[in-house]
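Encoded as structure tokens, the structure appears first; notes follow it.
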Amino acid sequence: SSGPGGQNVNKVSTRVTLRFDVDSSHALSPAQRRQIRAKLATRINKEGILQVTSQRTSSQEMNRSLALKRFAELLSEALRKRTPRIPTGVTHAVKVKQKAEKIKLAELKKLRSKKILDDE
């Protein structure tokens, strides 16, 4: 285990790996399983097992609680219902501003043109 702990790091294994079989879990509905598989695809292996590892502290008990906490966060985030984004249109004020800018640029280009009209 990396991190603080001095020589204790070399003697004691404090790393914790939590494994959860998503496919055969009776606590989840088929729809929830599909949703978790889609959202956490990079964390789930070919056998359908979700792994969460913690080796942050030199205490195995602390690592166990950190792994459980991270596991709960991952599942709640994956199962959270997201409201669909409603696309909005361009507001009237923006359209007016765009039109004014377009007219201004057209006038500027007109002034740059080489046509010189003589009124003689």
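Everything numeric here is computed off the predicted structure, so don't read it as measured data.
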Rounded to the nearest 0.5 Å, what separation is found between the [atom1] atom of [X] and the [atom2] atom of [Y]?
X	Y	atom1	atom2	result
Arg70	Thr53	CZ	OG1	11.5 Å
Ile36	Leu79	CD1	CG	4.0 Å
Arg37	Leu28	CZ	CG	12.0 Å
Lys39	Arg34	NZ	CZ	13.0 Å
Asp21	His26	CG	NE2	9.5 Å
Ser24	Glu47	OG	CD	11.5 Å

Self-check item: Leu74 side chain near Arg43 side chain, heavy-atom distance below 4.5 Å
Solution: yes

Which heavy atom in [X] sits nearest to a heavy atom in [Y], and how many Å separate them?
X	Y	result
Asp23	Gly48	OD2-CA, 3.4 Å
Arg19	Ile49	CB-CG2, 3.9 Å
Gln35	Arg80	NE2-O, 3.9 Å
Val16	Ala67	CG1-CB, 4.3 Å
Asn63	Thr14	ND2-O, 2.8 Å

Exercise. For the pair Arg33 (side chain) and Ser25 (backbone), establish whether a donor and an acceptor sit closer than 3.5 Å, ignoring hydrogens and angles.
Key: yes

Quiz item: Do Lys95 and Lys99 pass the side-chain contact (heavy atoms from CB on, under 4.5 Å) test, and can you show the C-alpha distance, the side-chain angles, and the key distance before you say yes or no?
Solution: CA-CA 6 Å; Lys95 286 180 182 178; Lys99 182 76 171 176; over 6 Å; no

Practice problem: Please name the residue in the list Lys104, Lys109, Lys110 that meets the salt bridge (Lys or Arg N to Asp or Glu O under 4.0 Å) test with Glu107. | Solution: Lys110

Quiz prompt | Same cluster (ILVMFWY, side-chain, under 4.5 Å), Phe71 and Leu66 | solution = no

